[in-house]
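Per chain, numbering begins at 1; letters A, B, ... match sequence-line order. Computation of the quantities below employed the complete heavy-atom set of this structure, encompassing side-chain atoms and omitting hydrogens, waters and symmetry-equivalent molecules.
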Protein chains: 2
Amino acid sequence: MARKPKSRSQGTSADGTSSVTLIDVARMAGVAPMTVSRALNRPELVREETQKKVLAAVRATGYVPNMLAGGLASSRSRLVAVLLPTIASSIFAETVQALMDGLSVANYQTLIGLTGYSASREEALVEALLGRRPDAIVLAGTDHTSTTVDRLTRAGIPVVEIWDLTEKPIDMAIGFSHEQVGRDVARHLVKKGYRRFGVISVNDPRGLRRCESFKAELARQGIGDCPFETLPAPATLEGGRRGLWRMLEYTRPDIIVCSSDTLAEGVLMEAASRGMHVPDDLAVMGFGDLTMAAQLHPALSTVKVGGADIGKRTAAALLERFQMAAARGPVCIDTGFSIIDRESA
Amino acid sequence: MARKPKSRSQGTSADGTSSVTLIDVARMAGVAPMTVSRALNRPELVREETQKKVLAAVRATGYVPNMLAGGLASSRSRLVAVLLPTIASSIFAETVQALMDGLSVANYQTLIGLTGYSASREEALVEALLGRRPDAIVLAGTDHTSTTVDRLTRAGIPVVEIWDLTEKPIDMAIGFSHEQVGRDVARHLVKKGYRRFGVISVNDPRGLRRCESFKAELARQGIGDCPFETLPAPATLEGGRRGLWRMLEYTRPDIIVCSSDTLAEGVLMEAASRGMHVPDDLAVMGFGDLTMAAQLHPALSTVKVGGADIGKRTAAALLERFQMAAARGPVCIDTGFSIIDRESA
DNA sequence: CTGTTAGCGCGTTCAC
DNA sequence: GTGAACGCGCTAACAG
């Protein structure tokens with residue numbers, strides 16, 4: 001009754017490639033392959049004694065489950081695809097880190113794609129990542145090409161749009177309203193008595209929306225004039241310096257509102273090098289997470305948004321979905337933001 | 001001769017899940033499945049006319065190749081696993097970004113694992129990532145558990161250890177010598193005339209090695225006394241401030257050497273808030289990439305290491321390996337570093 | 001609780 | 001140039 005051995009190279013082959021399979025483990029443990037699978041994935045369905053034999057065989061062989069095969073068979077890849085503009089901006093980095101941490105405790109892994117703020121790159125990446133059959137997909141923003149939206153919808157998996165909010169999310173949205181940030185900041189600063197404003201923003205869609213909303217609210221409050229400097233993304237300290245430099249050539253604002261903390265830090269540096277005192281000669285307001293910048297410049301006001309919080313809540317929302325395996329209706333989570341004002345402290 | 005239709009849910013099912021397969025495309029195009037596969041992966045083997053029919057069918061069906069299946073069949077996953085301590089440190093972020101960029105042009109995707117500087121987490125992650133059968137694995141540093149080294153070796157794929165150099169890499173090493181950084185900085189500063197040093201470092205293995213090497217070289221030059229402050233990782237501005245604060249309680253160095261630019265920026269801030277002038281009252285030396293910090297503080301000297309360069313060269317080295325499919329002997333690439341001195345500028 | 005059967009969707013290998 | 005079988009390594013579904 002000897003079974004004919006497989007023809008291809010098995011076991012530890014000459015090139016050092018060990019392709020130990022479930023079958024090898026099963027043979028060594030003296031059980032059926034299916035039992036090994038169960039012992040590894042659903043130990044509660046297996047007798048303790050069997051379990052031990054299997055684990056011993058796993059260790060002895062150095063078996064590492066092939067998740068390509070497992071994913072194919074079960075149509076659950078335990079992979080989450082994440083699409084972000086960039087990772088070299090600390091604010092997104094915090095989100096990814098938190099998201100990965102949250103997912104990894106449930107044995108999900110993360111496939112990252114970098115779009116560089118380009119919708120066409122996003123479109124290509126969505127297709128490429130979908131090829132891995134992820135169990136969910138997370139992407140920054142709510143502004144996608146129609147092809148992207150179409151593919152996302154048809155993928156039939158949870159889709160989370162983060163870092164923004166929208167009336168009609170593809171599936172879920174977790175973030176905050178950039179319009180509201182702009183409006184609230186404007187109201188706050190006007191109430192504090194500021195009248196001469198300047199805005200410095202990088203050319204990033206959400207940053208621009210915050211700034212536009214800010215200007216619109218100012219206009220509503222009767223302040224029509226608001227100098228605006230735009231710089232190419234990504235935000236850098238140098239950009240902040242240059243922005244202030246250019247602005248001071250034609251106006252003298254009391255306060256500069258920046259689209260990000262990095263820019264704000266650059267502004268602070270330029271102000272310092274001109275001997276301007278912050279916030280008396282010039283106040284500065286940033287935007288971002290407190291982790292790096294703002295907690296330290298005693299004079300820098302800022303809008304705090306929880307980059308890590310977004311990641312954490314995204315992970316939680318996904319794990320919940322995975323558990324009940326039922327696609328409920330649209331979900332929106334407003335992670336909010338808060339205005340940190342250094343002068344009132 | 002009607003073929004019995006498959007039993008499982010196919011086509012666009014009720015739940016919105018479209019599982020279009022190669023077979024569906026083939027049927028629509030009126031060719032064999034194999035021809036579709038070729039048309040997509042090796043178009044040069046297919047007649048132009050056939051090619052067109054296939055592409056039309058692909059578009060019409062919205063087919064997205066299942067790379068789990070493809071990877072399983074071909075044992076080439078087009079996946080590269082990357083293990084890093086963290087991504088929320090801009091220096092690693094640049095490396096990842098460059099690495100991903102380099103790999104993505106060749107249609108490789110990136111699976112990231114975050115170790116948080118823990119060797120045991122690295123060990124667990126290596127096992128988990130290896131389960132995806134990546135075509136290569138990249139990991140930070142050269143200090144791994146023996147289990148990790150063993151698994152890596154047996155995986156039979158290219159392994160790149162980055163951000164460090166070693167006599168005997170597992171496979172390839174791409175980075176620079178942290179000992180040499182410490183030594184060169186010490187020589188440089190002594191030659192410039194500094195005698196009273198202070199070192200502030202976060203508790204990160206490579207950072208500590210740089211600082212230890214720095215102190216050792218100082219000792220060799222006859223400077224045995226060198227105050228040393230260590231802070232918990234990760235590096236923050238706050239850490240830099242606190243480090244300087246603590247140090248100034250018991251000593252008055254002429255120059256502070258920091259394990260990273262972030263720390264150095266914190267030191268600069270603390271110095272500024274004490275009214276100390278940099279570099280006259282206190283010189284500061286950082287370490288990292290020029291992208292963010294150093295290019296802007298006119299008074300901050302630093303060691304420039306190419307974080308992005310490491311990523312780029314890693315991608316290049318891997319793509320080369322993939323092409324010749326032959327595992328050659330060990331490879332070491334020294335990406336070097338350079339000391340940027342603000343005073344001599 | 002454990003084993004058996006039958007694919008998952010694709011690429012390799014050979015015929016044609 | 002194109003097609004037909006076969007199996008990659010695993011798990012769902014059912015039988016025992």
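With distances taken from any side-chain atom of Met34(B) to the nucleotides dT12(C), dG7(C), dG9(C), the minimum falls on dT12(C). For Asn41(B), the listed nucleotide lying nearest its side chain is dG11(C); candidates were dT2(D), dG11(C), dC10(C). Looking at the side chain of Ala73(B), the nearest of the listed nucleotides dA4(D), dG3(C), dG9(C) is dG9(C).
At least one side-chain nitrogen or oxygen of Arg47(B) sits closer than 4.0 Å to the OP1 or OP2 atom of dT2(D). For dT2(C), the OP1/OP2 oxygens have a side-chain nitrogen or oxygen of Thr50(A) closer than 4.0 Å. Taking side-chain N and O atoms only, Asn66(B) has no distance below 4.0 Å to OP1 or OP2 of dC8(C). Dashed line: the shortest gap from a side-chain N or O of Ser37(A) to OP1 or OP2 of dT11(D) is under 4.0 Å. For dG9(C), the OP1/OP2 oxygens have no side-chain nitrogen or oxygen of Thr21(B) closer than 4.0 Å. Taking 4.0 angstrom as the limit, Thr35(A) places a side-chain polar atom (N or O) nearer than this to OP1 or OP2 of dG3(C).
Counting all heavy atoms, side chain and backbone alike, Leu79(A) lies closest to Tyr108(A) at N-CD2, 4.0 Å.
Straight-line distance from the CZ atom of Arg42(A) to the P atom of dA13(D): 11 Å, rounded to whole Å. Atom pair Arg27(B):CZ and dT2(D):P shows a separation of 20 Å (rounding to whole Å applied). The distance from atom CG of Leu68(A) to atom C1' of dG7(D) is 15 Å, rounded to the nearest whole Å. In this structure, the CD atom of Glu49(A) is 12 Å from the C1' atom of dC1(C), given to the nearest Å. Distance Met67(A) CE to dC8(C) C1': 15 Å, rounded to the nearest Å. Atom C1' of nucleotide dC10(C) and atom CZ of Arg133(B) are separated by 17 Å, given to the nearest angstrom.
Side-chain polar atoms of Gln97(B) and Thr86(A) form a donor-acceptor pair below 3.5 angstrom. Judged purely by distance below 3.5 Å, without hydrogens or angles, the side chains of Glu161(B) and Thr142(B) never pair a donor atom with an acceptor atom. A donor atom on one side chain and an acceptor atom on the other are not found under 3.5 Å apart for Ser118(A) and Thr115(A).
With DNA chain D read from its 5' end, the first of the two nearest nucleotides for Gly30(B) and Ser74(B) is the one closest to Gly30(B).
Across all strands, Leu72(A) comes closer than 4.0 Å to base atoms (heavy-atom distances). Residue Ser75(A) is classed as having no contact, given no heavy-atom separation below 4.0 Å to the nucleic acid. Looking at heavy-atom distances under 4.0 Å, Pro65(A) makes contact with sugar-phosphate atoms alone, never a base. Within 4.0 Å of Ala69(A), counting heavy atoms only, lies at least one base atom of the nucleic acid.
Interface remark: the Arg38(B) side chain does form a donor-acceptor pair with the dG3(D) base, using a distance-only criterion of under 3.5 Å.
A salt bridge links Asp171(A) with Arg321(A): at least one charged nitrogen is closer than 4.0 Å to a carboxylate oxygen.
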